[in-house]
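Notes to accompany the following structure.
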Amino acid sequence: MIDAAVGTRSNSPLVPVIGLSFFAVASGFLMTLIPLSLADYQLDAELAPWLASVFYLGLLIGAFFIERVVARVGHRKAFVGFLALLTFTVLLQVAAPGAVVWLLARLIAGMAVAGVFVVVESWLLMANTPKARAKRLGLYMTSLYGGSAVGQLAVKPLGTEGPVPYLFVAGLLIVALLVPLLIKKGQPDGHHSQKLKLSELKNLSQPAVMGCLVSGLVLGPIYGLMPLYIAQTDAAPKTGLLMAVIILGGMAVQPLVSYLSPRMSKSLLMALFCLFGSLSIVGVMNAEVLPLMIASYMLLGACSFALYPVAITLACDKLEVSKIVSATEIMLLSYSFGSVLGPLFAALLSDSADGLPVYLGVCLFATCIYMLIKSSRKISTTDTPIAGL
């Protein structure tokens, strides 16, 4: 067995967190920019859910090979490479606007973003204790969602027309990749990573896998379709603000996630977040004044974005450090699968004015019931990712 400290002695969170912050601002703005800029590039609005789904299909595809890339070149070089590939896709969208090119660009972008996520998550999760992992993942999520929220605020000053907003995104991504290029110390020893065996995969925590899957089913439509939903309501002028509020909710809840995750059943914790998320949908559908809208969207963001960090820490709680990269890859695979299907399922309800929030409410409430059942059974393996380790 590889020593639990392997790869953690010189492992500093500085590089991934700084680089991720710039990436998050760029990615958050880009997610809102793409559906809102379709008309300016003479693309059909019905392309929006397909662009969202193909992006998450890229995440799904990328999750199959990222572990091998990280093991071969190390975390720092992999981080640079994936950010450079993502930058290329953004520039490609500006250089050759068209449905086929954009779909291809978003597919490749999904693979690149999958790489960024696995590299950063495994980099930060390679700590010696579950408590340290929870703290680091909380820092990761705060940087990710805080940057994404800031990115939403760029909609108003930069607009959604012409190449300038996309060039702004590309510029931020270039800054992000400069961080690991300039700071060459502090990466974990990725060459000691090990693949999880098939016999170990079947013992992965079911609530952990389900939590990542539902996170994708919910966050895929929130990123890909929520801007269009808000733009079609009376709150249209506040689209950027409300999207920022959703992500700020996700950022604000991370300290609570980090505190509660090591102290209570993680399946019960996910059940509670899903319950409050279901209740937030009532406010999203019925709020008529801005303060109530903001509160409802913030609660929705907090509950939706809390699922993934709880689920992934549940999956990695008792894993050897050498298997963290492989585990994060599998959890991303589950998340990506949900993210591919989420926008397509939500689009089936597009004929209804409130089709998107109804879809989100059903997903969250059904997951709440599932997690409560799993938690109440008190199966010994529920919160043990790999049996026997």
Side-chain angles (χ1 to χ4, degrees), residues 24-40 45 48-49 52 141-161 165 168 218-257 272-307 342-343 346 349-365:
V25 176
S27 181
F29 180 37
L30 184 62
M31 283 293 190
T32 300
L33 173 64
I34 287 176
L36 296 180
S37 66
L38 291 175
D40 184 60
M141 292 296 177
T142 301
S143 300
L144 179 61
Y145 299 149
S148 297
V150 172
Q152 306 301 318
L153 301 179
V155 172
K156 186 173 182 179
L158 293 177
T160 59
E161 299 179 353
F168 174 75
V218 171
L219 293 181
I222 285 179
Y223 275 126
L225 301 179
M226 187 61 81
L228 288 177
Y229 167 77
I230 299 173
Q232 293 169 0
T233 67
D234 295 336
K238 305 295 183 182
T239 299
L241 172 64
L242 292 177
M243 286 301 299
V245 163
I246 290 174
I247 301 172
L248 279 173
M251 178 185 71
V253 79
Q254 296 309 314
L256 181 62
V257 171
L272 293 174
F273 280 124
C274 287
L275 175 61
F276 284 107
S278 302
L279 296 176
S280 73
I281 295 298
V282 178
V284 168
M285 294 172 61
N286 297 289
E288 295 182 355
V289 295
L290 186 60
L292 187 54
M293 287 182 191
I294 289 176
S296 299
Y297 279 97
M298 180 168 283
L299 181 59
L300 174 62
C303 296
S304 300
F305 284 99
L307 293 178
L349 300 175
S350 60
D351 291 339
S352 170
D354 290 316
L356 178 59
V358 167
Y359 164 81
L360 295 175
V362 170
C363 283
L364 291 169
F365 188 71

Report the distance from atom [atom1] of [X] to atom [atom2] of [Y], rounding to the nearest 0.5 Å.
X	Y	atom1	atom2	value
Met298	Leu248	CE	CG	5.5 Å
Phe273	Leu307	CZ	CG	8.0 Å
Phe365	Leu279	CZ	CG	9.0 Å
Ile294	Ile246	CD1	CD1	11.5 Å
Asn286	Met293	CG	CE	10.5 Å

Between [X] (side chain only) and [Y] (backbone N and O only), is there a donor and an acceptor less than 3.5 Å apart?
X	Y	value
Thr32	Phe29	no
Ser280	Gly277	yes
Ser304	Gly301	no

Checklist entry - side-chain contact (heavy atoms from CB on, under 4.5 Å) with Tyr297: which of Ile222, Leu292, Val245? => result Val245

Next on the checklist: Pro165 and side-chain contact (heavy atoms from CB on, under 4.5 Å): which single residue from Leu36, Leu33, Thr160 fits?
Outcome noted: Leu33

Which heavy-atom pair separates [X] from [Y] by the least distance, and what is that distance?
X	Y	value
Val218	Cys363	CG2-CB, 4.1 Å
Ser296	Gly283	OG-CA, 3.1 Å
Pro357	Val284	CB-CG1, 4.3 Å
Phe305	Gly250	CB-CA, 3.6 Å
Pro255	Ala252	CD-O, 3.3 Å
Leu356	Ala346	CD1-CB, 3.9 Å

Checklist entry - Side-chain contact, heavy-atom cut-off 4.5 Å: Met226 with Leu360? => result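 Touching, per the 4.5 Å side-chain cut-off.
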
Checklist entry - Can you list the steps and then say if Asp354 with Ile281 is a side-chain contact (heavy atoms from CB on, under 4.5 Å)? => result CA-CA 10 Å; Asp354 290 316; Ile281 295 298; over 6 Å; no

Checklist entry - Could you go step by step and tell me if Glu288 and Asp234 meet the side-chain contact (heavy atoms from CB on, under 4.5 Å) rule? => result CA-CA 9 Å; Glu288 295 182 355; Asp234 295 336; over 6 Å; no

Checklist entry - In chain order, what residues pass the side-chain contact (heavy atoms from CB on, under 4.5 Å) check against Ala52, with sequence neighbours excluded? => result Pro343

